[in-house]
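Data first, discussion second: the structure below is written as structure tokens.
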Amino acid sequence: MTQKKKPKVYITRRLPEVVETRMRELFDAELNIDDTPRSQPELVAAVKSADVLVPTLTDRIDAALIEQAGPQLKLIACFSNGVDNVDVEAAARRGITVTNTPNVLTEDTADMTMALILAAPRRLAEGARILTDRKGEWAGWSPTWMLGRRIWGKRLGIVGMGRIGTAVARRAKAFGLSIHYHNRHRVRPDTEDALEATYWDSLDQMLARVDIVSVNCPSTPATYHLLSARRLELMQPTSYIVNTARGGIIDETALIKCLREGKIAGAGLDVFENEPSVNPKLLKLASEGKVVLLPHMSSATLESRVDMGEKVVINIRTFFDGHRPPDRVLPSRV
């Protein structure tokens with residue numbers, strides 16, 4: 001009996017060692033040993049020769065690239081939860097299946113969201129820098145020095161009450177915040193009751209009445225600049241905004257203006273509009289203690305990356321065993 005040929009799998013970035021080892025065991029896998037982001041010409045060469053492309057969220061898999069794929073490319077198995085970097089419609093037209101890795105990053109992202117909800121009002125990053133970057137400035141405890149804002153008893157407005165938004169709400173409730181949310185659809189009554197959550201069908205009305213806004217909705221054409229200049233100006237001057245979703249959901253230029261003019265008290269951002277570039281004006285605001293900035297690390301735990309890799313492996317194996325992958329992304333659901 002002839003041995004079944006292993007599918008050729010092209011992986012665009014370095015993955016955890018245990019995942020790469022498993023990929024090599026099961027597939028004819030080409031790894032990215034030095035983790036250098038692949039150029040567009042390299043991606044073109046990959047789709048012309050590989051059976052499976054395993055991109056990450058920083059790889060642009062657009063229609064132009066997909067149109068250059070060879071007939072052997074049948075699966076794009078994304079190592080990511082979101083697929084906003086992949087033209088799923090174009091892939092479908094070419095008969096290419098797209099999969100992702102859902103339900104893996106929820107708890108880790110919610111943890112980091114909660115960390116930013118604490119860090120921005122309580123000035124955590126600013127306080128830490130005083131001890132490391134401005135040695136000798138701290139003269140000891142003082143009743144009026146480094147005063148932040150209490151979060152207990154405040155109102156948290158969650159934009160996007162999906163898995164991550166709900167996980168954030170669970171954590172925030174334990175910290176004494178009251179939960180408010182805006183979503184395309186109202187969550188189940190038992191979830192709402194357990195969280196003692198208030199639903200707002202008007203995002204504008206919610207923004208004007210909460211103390212902290214947490215952005216947890218997916219990135220789609222409909223959510224691009226959802227937090228526009230007009231909506232940001234609805235927020236209270238004592239309020240804070242936290243974003244661990246995607247940078248483009250907030251109009252970054254408008255946010256900077258609101259922070260500079262004191263129309264919003266502060267922000268905690270893990271994502272940016274033009275990653276990996278960060279607006280120098282945001283960096284200046286961070287140096288002034290008005291924002292807390294993180295380098296897109298809300299899901300960066302070893303456990304989540306290994307779990308993501310396992311999902312990619314399962315999707316590839318299921319597909320080449322002739323079955324529908326469990327995490328197939330349909331164009332109508334993007």
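Treat the numbers as computed from the prediction; the structure is a model and nothing was measured.
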### Query
How close do Ala77 and Ile316 get, heavy atom to heavy atom, and via which atoms?
CB-CG1, 4.0 Å
### Query
In chain order, what residues pass the side chain to side chain donor-acceptor pair (under 3.5 Å) check against Tyr240, with sequence neighbours excluded?
none
### Task
Please name the pair of heavy atoms, one in Met161 and one in Ala169, separated by the smallest distance, quoted to 0.1 Å.
CE-CB, 3.8 Å
### Query
Taking atom CH2 of Trp200 and atom CG of Asn183, what is their separation to the nearest 0.5 Å?
15.5 Å
Can I get a per-line list of side-chain donor-acceptor pairs under 3.5 Å for residues 22-30, giving both atom names and the distance, sequence neighbours left out?
| from | atom 1 | to | atom 2 | distance (Å) |
| --- | --- | --- | --- | --- |
| Arg22 | NH1 | Glu25 | OE1 | 3.0 |
| Arg24 | NH1 | Ala29 | O | 2.6 |

### Task
For residues Thr106 and Asn103, report the shortest heavy-atom separation together with the two atoms involved.
OG1-CA, 4.3 Å
## Note on the structure
side chain to side chain donor-acceptor pair (under 3.5 Å) filter on Asp108, not counting sequence neighbours, yields Thr301
### Summary
Contacts satisfying salt bridge (charged side-chain N to carboxylate O under 4.0 Å, His left out) that involve residues 284-306 (not counting sequence neighbours) are Arg260-Glu288, Lys284-Glu288
### Query
By the rule that ILVMFWY residues connect when side-chain heavy atoms come within less than 4.5 angstrom, directly or transitively, which residues belong alongside Val271?
none
Which donor-acceptor pairs under 3.5 Å do the side chains of residues 111-118 make with protein atoms, sequence neighbours left out?
| from | atom 1 | to | atom 2 | distance (Å) |
| --- | --- | --- | --- | --- |
| Asp111 | OD1 | Arg171 | NE | 2.7 |
| Asp111 | OD1 | Arg171 | NH2 | 3.0 |
| Thr113 | OG1 | Thr109 | O | 2.8 |
| Thr113 | OG1 | Thr244 | OG1 | 2.7 |

### Message
If you define the side chain from C-beta out and look only at heavy atoms, does anything of Thr101 sit under 4.5 Å from Asp327?
### Response
no
## Note on the structure
Across all chains, not counting sequence neighbours, the side chain to side chain donor-acceptor pair (under 3.5 Å) partners of Arg188 are Asp190
### Task
Could you give me the CA-CA distance, side-chain angles and deciding distance for Arg231 and Asp204, then say whether salt bridge (Lys or Arg N to Asp or Glu O under 4.0 Å) is met?
CA-CA 6 Å; Arg231 284 193 165 124; Asp204 289 6; 2.7 Å; yes
### Query
Is there a side-chain contact between Leu156 and Val210, using heavy atoms and a 4.5 Å cut-off?
no
### Min side-chain heavy-atom separation Thr99-Phe319 under 4.5 Å
no
### Co-members of Leu147 in a cluster of I, L, V, M, F, W and Y side chains, linked at under 4.5 Å
none
### Message
Once salt bridge (Lys or Arg N to Asp or Glu O under 4.0 Å) is applied, do any residues pair with Lys8, and if so which ones, sequence neighbours excluded?
### Response
none
### Query
Can you name the closest pair of heavy atoms from Ser214 and Val168 and give their distance?
OG-CG1, 4.2 Å
### Message
Taking atom CZ as the centre, does Arg150 end up with more than 12 heavy-atom neighbours from other residues, nucleotides or ligands that are less than 6.0 angstrom away?
### Response
no
### Query
Which distance, rounded to the nearest 0.5 Å, do you find between the CZ of Arg230 and the CG of Leu207?
9.0 Å
#### Entry: Working for salt bridge (Lys or Arg N to Asp or Glu O under 4.0 Å), residues Arg170 and Glu107
CA-CA 11 Å; Arg170 290 199 308 269; Glu107 302 303 330; 3.1 Å; yes
### Task
Locate the shortest heavy-atom distance separating Ile158 from Gly165; write the atom from each residue and the value.
CD1-O, 3.5 Å
### Task
Run through the side-chain heavy atoms of Ile, Leu, Val, Met, Phe, Trp and Tyr, join any pair under 4.5 Å, and report what else lands in Trp138's cluster.
Ile130, Leu131, Trp145, Met146
## Note on the structure
SG (Cys217) and CG (Leu203) are apart, to the nearest 0.5 Å, by 9.0 Å
### Task
Answer with yes or no whether the side chains of Asp59 and Thr56 bring together a donor and an acceptor at under 3.5 Å.
yes
### Task
Give a yes or no on this: more than 12 heavy atoms of other residues, nucleotides or ligands lie within 6.0 Å of atom CZ of Arg13.
yes
### Message
Using modelled atom types and a 3.5 Å cut-off, is there a donor and acceptor pairing between side-chain atoms of Asn274 and backbone atoms of Asn279?
### Response
no
### Query
Going by heavy atoms in the side chains, are Leu232 and Lys257 under 4.5 Å from each other?
no
### Query
Should we say atom CD of Glu17 is surrounded by more than 12 heavy atoms from elsewhere, each under 6.0 Å from it?
no
Would you list the atom pairs, donor with acceptor, under 3.5 Å between side chains in residues 40-48 and any protein atom, with sequence neighbours excluded?
| from | atom 1 | to | atom 2 | distance (Å) |
| --- | --- | --- | --- | --- |
| Gln40 | NE2 | Arg60 | O | 3.3 |
| Glu42 | OE1 | Ser39 | N | 2.8 |
| Glu42 | OE1 | Ser39 | OG | 3.2 |

### Message
As an exercise, state the distance from CG of Leu282 to CD of Glu252, rounded to the nearest 0.5 Å.
### Response
5.0 Å
### Query
Any idea which heavy atoms bring Met235 and Ile241 closest together, and the distance?
CE-CB, 4.0 Å
### Message
As a quick check of understanding, evaluate side chain to side chain contact (heavy atoms under 4.5 Å, CB included) for Met206 and Val159, giving each step before the final call.
### Response
CA-CA 9 Å; Met206 185 185 79; Val159 182; 4.0 Å; yes
### Summary
Residues at least two apart in sequence or cross-chain that pass salt bridge (Lys or Arg N to Asp or Glu O under 4.0 Å) with Arg155, listed by chain then number, are Asp211
